[in-house]
Amino acid sequence: MKDIILTGDRPTGHLHLGHYVGSLKNRVRLQNEGNYDKMYVFIADSQALTDNYDNPDKIRENLREIVLDYLAVGIDPKKVTIFVQSMIPELTEYTFYFMNLVTVNRLMRNPTVKNEVIQKKMGESIPSGFLNYPVSQAADITLFNTTIIPAGADQEPMIEQTNEIVRKFNSLYGKTLNECRILLPDNKICHRLPGLDGNEKMSKSLGNCIYLSDSEEELHRKIMSMYTDPNHIKVDDPGKIEGNIVFTYLDVFAKDEDFSKYLNEYKNLDDLKDKYRHGGVGDVKIKNFLFNILNDELTPIREKRIELSKDMAYIDQVLKEGTAKARIVAKENMKKFKKALRINYFDE
Ligand code: ATP
Ligand code: MG
């Protein structure tokens, strides 16, 4: 059986470099390799409402922006079904029945949820919908019989949780659902790309992002504001590489040919790191180098995005057609699900 690939993004803001290296690049690669049965990408608006229920306009405003980001990085709606989560009611039904198979304690132990509860300062006031979002992710995954999820490391606990639900469902009601696996990027740093502040993962909700849609000026401004090594004050001071976020990004994005193009006094990244450690390399120099590299990578995406944004009717059409296609599959699979649960009362 060929794979069924699925991933989603929350419309809480535009997509950023973390999405790009953590998931989008793998999605585009898988799409172009074409070695799959079906591939879905969806906008997780219902999930985004679990912690943004007081700001529905934010979710609404970002829905189409995410589609612009998708198409700008090369996701092709002819090959990939792009759909809106809230427009597939079967997802809510799956979630409801899955909730019986998970304890509140188990949800409280989910490391990603725990982390987000702290970041979002929820304290003791965790909305039950938010606590339950890993269960709704199990619905997203299983409704479409997903086998592979190209995502970042924050999704590992969700996939583990999903597979637990799948095993419990199958053992109680008969083999109905598939187990799935995560596809992480090859480069370990990209599993959880840190934000501009260097501390947390780059995340829309934390405001520490370089967005794919940032202008050249914005990109430059953000890179220039990045922390390096606080003890590297004068050019000649020895510098630290570990924890220096500019080098973390260079580790992800710098290629040998970038040195001949922009920084030919150094052979490669190892050489630059070595000289930086010994002293004699200024922070502005490494920041400008990073800017040039990222700007080369992001300029075509930015330009394509601007072009696409001139025809928002097309974006709507992509979403409507993708959602209609996904709905057909959802309805079909829902029948098997209800049969397994013995609630298909009036089927033949
Ligand atoms: P929010 O702050 O609203 O949760 P987010 O920035 O975390 O937004 P999501 O929409 O939650 O983005 O994540 C979508 C996908 O992108 C997931 O597969 C996730 O693993 C991946 N992803 C998000 N941030 C990063 C990151 N910094 N590094 C690697 N992958 C990431
Ligand atoms: Mg997130």
Side-chain angles (χ1 to χ4, degrees), residues 5-30 39-56 58-63 65-67 69-70 73 75 82 84-85 110-122 127 129-130 133-134 136-137 140-141 146 148-162 180-214 222 245 248-249 251-253:
I5 303 164
L6 174 138
T7 35
D9 305 277
R10 294 151 43 91
T12 47
H14 292 200
L15 297 185
H16 52 66
L17 275 188
H19 296 112
Y20 185 60
V21 299
S23 175
L24 292 170
K25 276 187 152 189
N26 264 342
R27 295 185 213 178
V28 174
R29 179 176 61 77
L30 291 168
M39 184 159 172
Y40 301 93
V41 170
F42 70 98
I43 311 192
D45 58 336
S46 316
Q47 189 197 110
L49 280 168
T50 64
D51 55 326
N52 292 277
Y53 56 85
D54 54 349
N55 194 0
K58 171 167 138 186
I59 307 308
R60 192 182 171 91
E61 281 156 20
N62 281 302
L63 183 87
E65 298 297 325
I66 302 260
V67 184
D69 287 324
Y70 287 161
V73 298
I75 291 179
I82 302 176
V84 182
Q85 185 185 35
N110 183 309
T112 301
V113 172
K114 264 170 126 171
N115 207 5
E116 289 172 342
V117 164
I118 297 167
Q119 271 172 14
K120 295 173 203 289
K121 301 187 174 55
M122 288 179 175
F130 181 77
Y133 93 73
S136 85
Q137 277 196 222
D140 303 332
I141 293 167
T146 308
I148 291 194
I149 299 154
D154 61 324
Q155 294 307 306
E156 278 182 312
M158 307 305 168
I159 286 155
E160 199 180 306
Q161 173 84 82
T162 298
C180 61
R181 69 178 175 86
I182 192 165
L183 178 73
L184 291 165
D186 292 338
N187 184 336
K188 196 106 195 275
I189 303 169
C190 304
H191 292 191
R192 184 187 298 273
L193 189 77
L196 285 166
D197 49 8
N199 299 321
E200 303 280 351
K201 98 170 179 67
M202 187 175 283
S203 175
K204 297 183 227 101
S205 307
L206 297 173
N208 58 2
C209 306
I210 291 177
Y211 293 102
L212 301 178
S213 51
D214 278 345
K222 286 181 178 174
I245 190 73
T248 309
Y249 286 9
D251 271 326
V252 175
F253 293 100

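Here the structure is a predicted model, which is why all the values come from computation and not from measurement. Start at 1 and go down the list; that is how both ligands and their atoms are numbered. Only heavy atoms go into these numbers, but all of them, side chains included; no hydrogens, no water, no symmetry mates.
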Carefully, step by step, assess Val67 and Ile75 under the rule side chain to side chain contact (heavy atoms under 4.5 Å, CB included).
CA-CA 9 Å; Val67 184; Ile75 291 179; over 6 Å; no
Carefully, step by step, assess Glu65 and Tyr211 under the rule side-chain hydrogen bond (donor to acceptor under 3.5 Å, both in side chains).
CA-CA 11 Å; Glu65 298 297 325; Tyr211 293 102; over 6 Å; no
Go through it in stages, so that I can follow the logic: the residues are Asp140 and Gln85, the test is side-chain hydrogen bond (donor to acceptor under 3.5 Å, both in side chains), and I'd like the CA-CA distance, side-chain angles, deciding distance and then a yes or no.
CA-CA 8 Å; Asp140 303 332; Gln85 185 185 35; 3.1 Å; yes
Test Tyr20 against Asp69 for side chain to side chain contact (heavy atoms under 4.5 Å, CB included), laying out the working first.
CA-CA 10 Å; Tyr20 185 60; Asp69 287 324; over 6 Å; no
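At a 4.0 Å heavy-atom cut-off, the residues surrounding ligand 1 are Gly8, Asp9, Arg10, Thr12, His16, Gly18, His19, Gly22, Ala151, Gly152, Asp154, Gln155, Cys190, His191, Arg192, Leu193, Lys201, Met202, Ser203, Lys204, Ser205, listed by chain and number.
In this structure, a donor-acceptor pair under 3.5 Å is absent between the side chains of Gln137 and Gln161.
Not counting sequence neighbours, Lys204 has no partner by the salt bridge (charged side-chain N to carboxylate O under 4.0 Å, His left out) test.
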